[in-house]
Structures are given as C-alpha cells and as structure tokens.
Amino acid sequence: MLDLQFICEHRDEVEQNCRNRGVQVDVAAVVRLRDERNSLISSGDELRRRQKDVSGKIPHASADERSALVEQGKQLRAQISATEERQKVIEEHLRVEVIRIPNMTHPDAPIGGENDAKEIRTWGTKPKFDFKALDHVDIAAKLDLIDFEAGARVAGHGFYYLKNDAVMLEMALVQFALTKLRSEGFTLYTTPDLARDSVLEGIGFNPRGDETQIYSIANTDLSLVATAEITLGGALKDQTLDLAGLPMKFCGLSHCFRTEAGAHGRATRGIYRVHQFTKVEMFGFTAGDVEASGALHAEIVRIEEEIFQALGIPYRLIDTASGDLGGPAYRKYDLEAWMPGRGEAGEYGEVTSASNCTDYQARRLGIRYRSPDRKGTQFVHTLNGTAISCARAIIAVLENYQQADGSVVVPEVLRPWVGKDVITA
RNA sequence: GGAGAGAUGGCAGAGCGGCCGAUUGCACCGGUCUUGAAAACCGGAGUACCCGCAAGGGUACCCAGGGUUCGAAUCCCUGUCUCUCCGCCA
C-alpha cells in the first residue's frame with residue numbers, strides 16, 4: 001500500500017506508474033474520497049470535543065440544568081454515530097481503491113511487459129551433450145526419483161512424491177542453502193505453513209477471490225502460505241523496531257502451496273509448476289531509505305548467484321520489467337537457470353526472484369522503526385529473495401548433470417548430504 | 001476438548017462510571033550541585049490521525065471489535081493471545 005498523502009500529492013506520477021505497470025486505477029477517486037474522509041474526521045473531532053465538554057459539566061450541574069445537558073449529549077451522540085458511520089463507509093471505499101495501486105517503480109527498471117525484461121548478465125557454460133538431452137521427467141523416470149501417479153491419486157494433478165535419491169537431493173539443497181545463509185548472517189527459521197488472511201493481505205496476496213493463487217482453509221481466517229515471505233514478513237507485524245537493530249536478515253524454510261489458477265496448459269509437465277514445493281527464502285527489514293534497502297537487495301542477489309555458482313548451474317540474471325513486478329515490488333531481479341531438457345534445445349527457467357518492496361508491505365503490516373534523530377516512527381523497507389526453491393532447483397540439477405548412461409552426477413557441494421557422487425538406476 | 005485466571009505507556013505496577021492519556025517505581029533525556037562521577041533535587045519525555053505556512057490547536061488510543069450510558073481503562077457481549085489445572089495426543 002502506498003501512502004495516501006503521497007498518492008494525492010503525486011497524482012501524475014502515480015497515474016503514469018500505474019500505466020507502466022498495466023494496472024487500471026482511479027486516482028481521482030482516491031483524492032476525492034480522501035478529501036471527504038478528512039472533512040468527516042474534522043467534524044467528528046469537533047463533535048466529540050463538544051460532547052466531552054457537555055458530559056464534563058454534568059457532575060457539577062444543578063438538577064434543572066442537568067436534564068438539558070443530558071439531552072444535548074444525546075443529540076451529540078447521535079450526530080457522532082452518524083458521522084462515524086459515514087466515515088467507515090468512505091474509508092472502506094478508499095481502502096479498496098488504494099490497495100489496488102501498485103508500488104512505485106525504480107527509475108532504472110525497464111518499462112514494459114514480460115518480453116521487456118533486461119538481461120543483466122549470464123554466468124556459466126551451458127553443458128554440451130553428445131546425446132539428446134532428456135528433461136527432468138524422463139531422467140527421474142529412469143532413476144525412479146519422482147512418483148507423479150501417486151501424487152495424482154492422493155492429491156490430484158500438480159502433486160508429486162519425491163522418491164529415493166531425489167529426497168536426499170532436496171534435503172541436500174535445503175541444507176546447503178541454510179548453511180550458506182547462516183554464514184551470511186541470516187537468522188534461520190522454520191515457519192508455519194499457514195497464516196492469517198490479514199498477514200497474506202499485508203504481504204500483498206489476495207487470499208480469497210476468483211483469481212487467488214492461495215488455498216484457504218474453510219471456516220477459518222487461515223490460508224496455506226504460498227511462500228515463507230508471508231510468514232517471515234508477518235513475523236514482525238505491528239512491531240516497532242530500533243534503527244540500531246537494522247537491517248534484520250531472516251531466512252525461512254517452508255512448504256509453499258499455490259493453486260496455479262489460470263495456469264492450465266502452460267508448462268504443466270513435470271515439477272516446474274506444482275501445487276506444493278519446499279523453499280528456503282530470504283527476508284530482510286532495513287531502514288526506510290532506498291540506499292539501505294538497495295544495498296541489501298544487491299546482497300540478496302549476490303547470495304542467489306553464489307548459490308547457483310556453487311551448484312555449477314548456468315544462469316542469467318534478469319531485471320524484471322514494470323508490468324511484471326506485481327503489486328509490492330519496487331524492483332525485482334530474477335535468476336533463470338539453464339534447463340537443458342526444457343523446450344526444443346534447452347531454455348532458461350525462473351528459479352529465484354529477489355524483490356525490494358520498499359515500504360509497501362511494511363505500511364500495511366505496520367512494521368515501523370524508531371531512530372534517535374527523528375521524532376515519531378518510520379516504516380521499514382522489506383525485501384525478499386529465493387535461496388533455493390527445491391522443485392525447480394532439482395530440475396536444474398538433474399538436467400544439467402545428466403550423463404550419457406542415464407545417471408546424474410551430484411554437484412560437489414551437495415555430496416556430503418546426498419551421500420554419493422552419482423545417482424544411478 | 002473441559003475448568004479457571006489474566007491482558008494498562010520501554011519494563012514493573014495502581015486505578016470507586018465523571019477531576020484518568022492515566023498514580024507510583026525503575027529505566028531514559030535535559031539541568032542544578034560536584035574537580036569528575038555517584039547521590040540528591042528540579043524539569044522533560046508515547047503513538048497515530050485531523051486542522052494550520054508555522055507557532056500551535058484538536059481527536060483517538062489502557063489487547064481487538066461491538067454494546068450500555070450524557071459520560072467507559074472501569075459495566076455487558078464477542079474474538080485474539082497469555083498463564084494454571086484436568087483430559088487426549090506426535
């Protein structure tokens with residue numbers, strides 16, 4: 001959520017930004033509603049002031065003044081109720097409009113849609129095979145690593161069982177990521193896999209509704225989380241932090257659940273797009289200036305790259321274009337890993353994403369900080385980034401490390417946890 | 001799942017329906033005293049929102065949301081969370 005005052009004072013920029021992001025919003029309505037809200041607050045305050053005055057006189061009033069004052073108080077109460085009711089209605093309209101407005105965009109981020117993303121750099125050498133590269137589904141079938149049929153029987157299409165060395169591979173990826181992040185000064189967490197809808201909304205997810213990506217639990221205000229970003233960011237909801245304690249760097253291991261509504265027919269093969277996966281996520285809270293959050297953003301991207309470099313998986317780094325940023329992100333970098341079995345002759349596939357959400361999430365979550373040189377409090381900036389998203393990382397490992405004989409070499413950094421150098425049938 | 005107790009400012013801890021945004025202690029900041037410090041004494045300190053160029057003024061906030069009342073931290077209802085006891089359980 002953007003600051004209301006900011007929206008009203010920077011109308012043109014906000015409107016332009018919405019166009020760049022492909023979002024339709026009625027900024028004029030916001031300005032109009034805010035004006036009405038402010039005048040309702042003013043008149044409500046004045047009415048309450050008068051009521052305090054009247055009720056304050058009653059204890060000292062003589063018997064015959066008393067009934068007139070009580071009568072006056074009654075009338076004021078009625079007026080106050082009416083004003084408050086009106087204010088509630090206006091504020092709800094205002095809220096609905098304001099939450100639709102996306103965050104502002106970093107001036108250097110490319111403008112446009114999916115195809116306008118800017119490639120910042122590539123790393124690694126794509127493996128050359130003297131055989132026809134298989135995709136992860138075929139590799140896994142030969143090595144008995146994934147049971148899709150059981151997944152479908154038990155939970156439906158989009159669910160899967162990892163099996164045999166794939167289980168060890170997933171655990172190894174998790175261990176590797178956690179070890180790395182601990183050494184980078186992140187506080188390690190496992191988090192709840194469920195969260196209140198208010199937390200989901202604060203982070204920027206829409207838990208219920210037609211195009212929701214979220215599974216919600218019937219008869220509760222809980223939903224399955226789509227990422228630990230939700231639980232890590234929500235962990236400090238409504239807290240006031242100390243500047244001296246910032247930045248805070250959290251890392252969370254969780255399951256992620258996504259309905260993938262509307263994604264049918266798009267890359268449905270294998271475990272690229274699934275309803276449940278395991279992920280190690282980074283989350284950061286910094287002081288409320290783009291210098292501080294920008295620095296942590298760069299650090300998060302650096303860590304993501306180092307993880308894939310250590311795994312020996314070629315990738316490219318993408319500066320996501322305005323139309324693809326979603327609501328909360330101010331700037332977003334994606335890592336796309338090379339997946340030799342994807343498409344005709346291999347394609348890049350998104351494996352991580354790192355966003356600076358500035359104060360957009362913090363404002364709705366109420367996460368503030370105090371600094372000694374300023375009166376009052378300010379909103380923190382929040383950032384999130386993927387360390388390892390297991391399903392997709394497994395795809396990248398299997399496809400890049402496949403051998404002519406059908407086996408898969410285990411990346412060196414994972415061997416201590418997988419317990420072997422090569423996965424064979 | 002059942003029974004009970006509780007939630008007040010950074011912490012501790014008071015608070016008969018009106019004089020309570022809230023006593024007090026600790027911690028904190030400024031000052032006096034002192035060679036310096038401690039002690040003592042004096043003073044200051046919350047957050048959000050609204051009006052105002054500003055100085056300043058106003059309103060709200062005693063877990064949250066409703067209700068009773070001219071008036072609620074205080075009474076009633078609901079929810080959330082915490083603690084204790086019983087049962088069940090990985």
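A gap of 24 Å separates the P atoms of C77(B) and C83(B), to the nearest Å. Here, A60(B) and C19(B) have their P atoms 13 Å apart, quoted to the whole Å. Across the P atoms, A12(B) and A27(B) are found 15 Å apart, a figure rounded to whole Å. C26(B) and G43(B) have their P atoms separated by 15 Å, given to the nearest Å. Using atom C1' as the reference point in both G71(B) and G52(B), the two lie 30 Å apart (nearest Å). Annotation: C61(B) and A7(B) have their C1' atoms spaced 16 Å apart (nearest Å). As rounded to the nearest Å, C20(B) and G46(B) have C1' atoms that lie 16 Å from one another. A72(B) sits 42 Å from C88(B) when the C1' atoms are compared, rounded to a whole Å.
No contact: G44(A) has no heavy atom under 4.0 Å from any strand.
D238(A) places its CG atom 14 Å from the C1' atom of C61(B), with the value rounded to the nearest Å. Between the CG atom of D242(A) and the P atom of A27(B) there is a distance of 19 Å, given to the nearest Å. Between K88(A) atom NZ and G66(B) atom C1' there is a gap of 8 Å when expressed in whole angstrom units. Rounded to an integer number of Å, the gap from I367(A) CD1 to U47(B) P is 19 Å. Look at CG on D3(A): it is 12 Å from P on A48(B), rounded to the nearest Å. K52(A) places its NZ atom 13 Å from the C1' atom of C19(B), with the value rounded to the nearest Å. Rounding to whole angstrom units, CG of residue D197(A) and C1' of U80(B) are separated by 15 Å. When the P atom of A60(B) is taken as reference, atom CD1 of I41(A) falls 13 Å away, rounded to whole Å.
Not one N or O on the side chain of E281(A) forms a donor-acceptor pair closer than 3.5 Å with the backbone of A228(A). With hydrogens and angles ignored, the 3.5 Å screen pairs no side-chain donor or acceptor of S216(A) with any backbone N or O of S223(A). When atom types are taken as modelled, the side chain of D135(A) and the backbone of G341(A) share no donor-acceptor pair closer than 3.5 angstrom.
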### Query
Could you go step by step and tell me if T105(A) and R21(A) meet the side-chain hydrogen bond (donor to acceptor under 3.5 Å, both in side chains) rule?
CA-CA 9 Å; T105(A) 308; R21(A) 289 194 173 226; 3.0 Å; yes
### Task
Just do the side-chain hydrogen bond (donor to acceptor under 3.5 Å, both in side chains) check on Q87(A) and E36(A) with the steps written out, would you?
CA-CA 8 Å; Q87(A) 187 184 332; E36(A) 184 167 359; over 6 Å; no
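For F250(A) and Y189(A), the ring centers sit closer than 6.0 Å to each other.
A pairwise comparison of heavy atoms in A362(A) and V380(A) identifies CB-O, 3.2 Å as the closest pair.
Between the side chains of T191(A) and T231(A), at least one donor N or O lies within less than 3.5 Å of an accepting N or O. No side-chain donor-acceptor contact under 3.5 Å links K279(A) and T386(A).
In this model, the phosphate group of C49(B) is not approached by any side-chain N or O of N38(A) to a distance below 4.0 Å at OP1 or OP2. An OP1 or OP2 oxygen of C49(B) is reached within less than 4.0 angstrom by no side-chain nitrogen or oxygen of R37(A). Listed pair T377(A) / A48(B) meets the phosphate criterion, a side-chain N or O lying under 4.0 Å from OP1 or OP2. Proximity of K237(A) to the phosphate of C81(B): no side-chain N or O atom is located under 4.0 Å from OP1 or OP2. Applying the 4.0 Å criterion to OP1 and OP2 of G71(B), one finds that Q51(A) has a side-chain N or O inside that range.
For the pair R342(A) and Y272(A), the cation sits on the ring face: its NZ or CZ lies under 6.0 Å from the ring centre, inside 45° of the axis.
The side chain of R49(A) lies closest to G58(B) when the candidates are G58(B), G71(B), C81(B). In this structure, of G18(B), G71(B), C51(B), it is G18(B) that holds the atom nearest to the side chain of I58(A). For V70(A), the listed nucleotide lying nearest its side chain is C70(B); candidates were C70(B), G66(B), U47(B).
Sequence order on RNA chain B of the closest nucleotides to R48(A) and R368(A) puts R368(A) first from the 5' end. Closest-nucleotide positions on RNA chain B for L69(A) and R196(A) were compared, and the one nearer the 5' end corresponds to L69(A).
Stem regions for RNA chain B, each three or more consecutive Watson-Crick or G-U pairs with both distances under 3.5 Å and listed by first number, read B:1-7 with B:80-86, B:10-12 with B:24-26, B:28-32 with B:40-44, B:46-51 with B:56-61, B:63-67 with B:75-79.
Taken residue by residue, residues 73-84 of chain A places heavy atoms nearer than 4.0 Å to RNA chain B at G73(A), K74(A), R77(A).
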Less than 3.5 Å apart, which donor and acceptor atoms pair up between the side chains of residues 282-297 of chain A and the rest of the protein, not counting sequence neighbours?
residue: D289(A); atom: OD1; partner: E291(A); partner atom: N; Å: 3.3
residue: D289(A); atom: OD1; partner: A292(A); partner atom: N; Å: 2.8
residue: S293(A); atom: OG; partner: D289(A); partner atom: O; Å: 3.4
residue: S293(A); atom: OG; partner: N356(A); partner atom: ND2; Å: 3.0
residue: S293(A); atom: OG; partner: H381(A); partner atom: ND1; Å: 2.9
residue: H297(A); atom: NE2; partner: A354(A); partner atom: O; Å: 2.9

